[in-house]
Amino acid sequence: AGLRRHQVERRLERRQCGAGETFVFPAAGVEPGDFLCRLRADQNALAAVRSQAESSYWELYAAERDVAVALVTRDLAETLKREADLRAEVGSVGPNQVNNAQVFLSEQRLFYLDAEDQLSRASDNIAALINQRPQSAPRYRTSGEPPQDFSTEMEDEAEARALLTNHELL
């Protein structure tokens, strides 16, 4: 029995799979380790796609917020410019204040255009990720607000959860 066990152990081969994880399986014939390696690769790929989708969604959310802020700021700059023009007509301010208001308005218009461009890019990233353009609108829109409160967990619990869900950490 000892000789037979020695022969079997000599035919075993070690293969690397994943982040330094080693599986032992027979060198010839069906290789069950290949299945485990493929399963691990599939799980890692799925986790990467989920992560990329979530990241793209929050990028789109942030871009929408940036557009909203830029729009409000641009509208305020237009009001400031109109006010400076009216004050200049009655002589209470000089041309320097009108020019400053015009420069500020031009900057805010540029910021708004940049924010719109960033929003379009974020929407295009999602379209590329899912390989489908939005059908009823020019770009994708977010559907909800992020959670306002987050539960905290102990460091050991977070580490254990990360090790269970992220197979590249093993």
Over 12 non-hydrogen atoms of neighbours within 6.0 angstrom of CZ in Arg121: yes

Give the cluster check for Val67 versus Leu105: same hydrophobic cluster or not, with ILVMFWY residues linked at side-chain heavy-atom distances below 4.5 Å. no

Please determine which of Thr79, Leu71, Thr73, Val72 meets the side chain to side chain contact (heavy atoms under 4.5 Å, CB included) test together with Asp75. Leu71

Least distance between heavy atoms, Ala122 atom then Leu60 atom: CB-CA, 3.8 Å

Are Ile130 and Trp58 linked, directly or through intermediate hydrophobic residues, by side-chain heavy-atom contacts shorter than 4.5 Å (ILVMFWY only)? no

Exam field: side chain Glu64 to backbone Thr142, donor-acceptor pair closer than 3.5 Å: yes

Taking all non-hydrogen atoms of both residues into account, name the closest pair between Lys81 and Ala101 and its distance. CA-CB, 3.9 Å

Can you name the nearest heavy-atom pair linking Arg133 to Pro138, along with the distance? NH2-O, 4.3 Å

Answer whether the closest heavy-atom distance between the side chains of Leu46 and Gln43 falls below 4.5 Å. no

Any luck finding a side-chain donor-acceptor pair between Tyr112 and Glu116 under 3.5 Å? yes

Carboxylate-amine/guanidinium proximity below 4.0 Å for Arg87 and Glu83: yes

Would you call Arg82 and Glu78 a side-chain contact if the rule is heavy atoms closer than 4.5 Å? yes

Distance-only side-chain donor-acceptor flag, Gln118 / Asp66, under 3.5 Å: no

Distance, nearest 0.5 Å, that separates CG of Asp117 from CG of Leu110: 11.5 Å

Output the distance between atom CD1 (Ile126) and atom CD (Gln52), rounded to the nearest 0.5 Å. 10.5 Å

Do Phe104 and Leu80 have side-chain heavy atoms sitting under 4.5 Å apart? yes

Please give me the minimum heavy-atom distance between Gln97 and Ala84, naming the atom from each residue. O-CB, 4.2 Å

Using a 3.5 Å distance criterion without hydrogens, assess whether the side chain of Ser51 forms a donor-acceptor pair with backbone atoms of Ala47. no

Has the side chain of Tyr140 got a donor or acceptor atom that lies under 3.5 Å from a matching backbone atom of Asn125? no

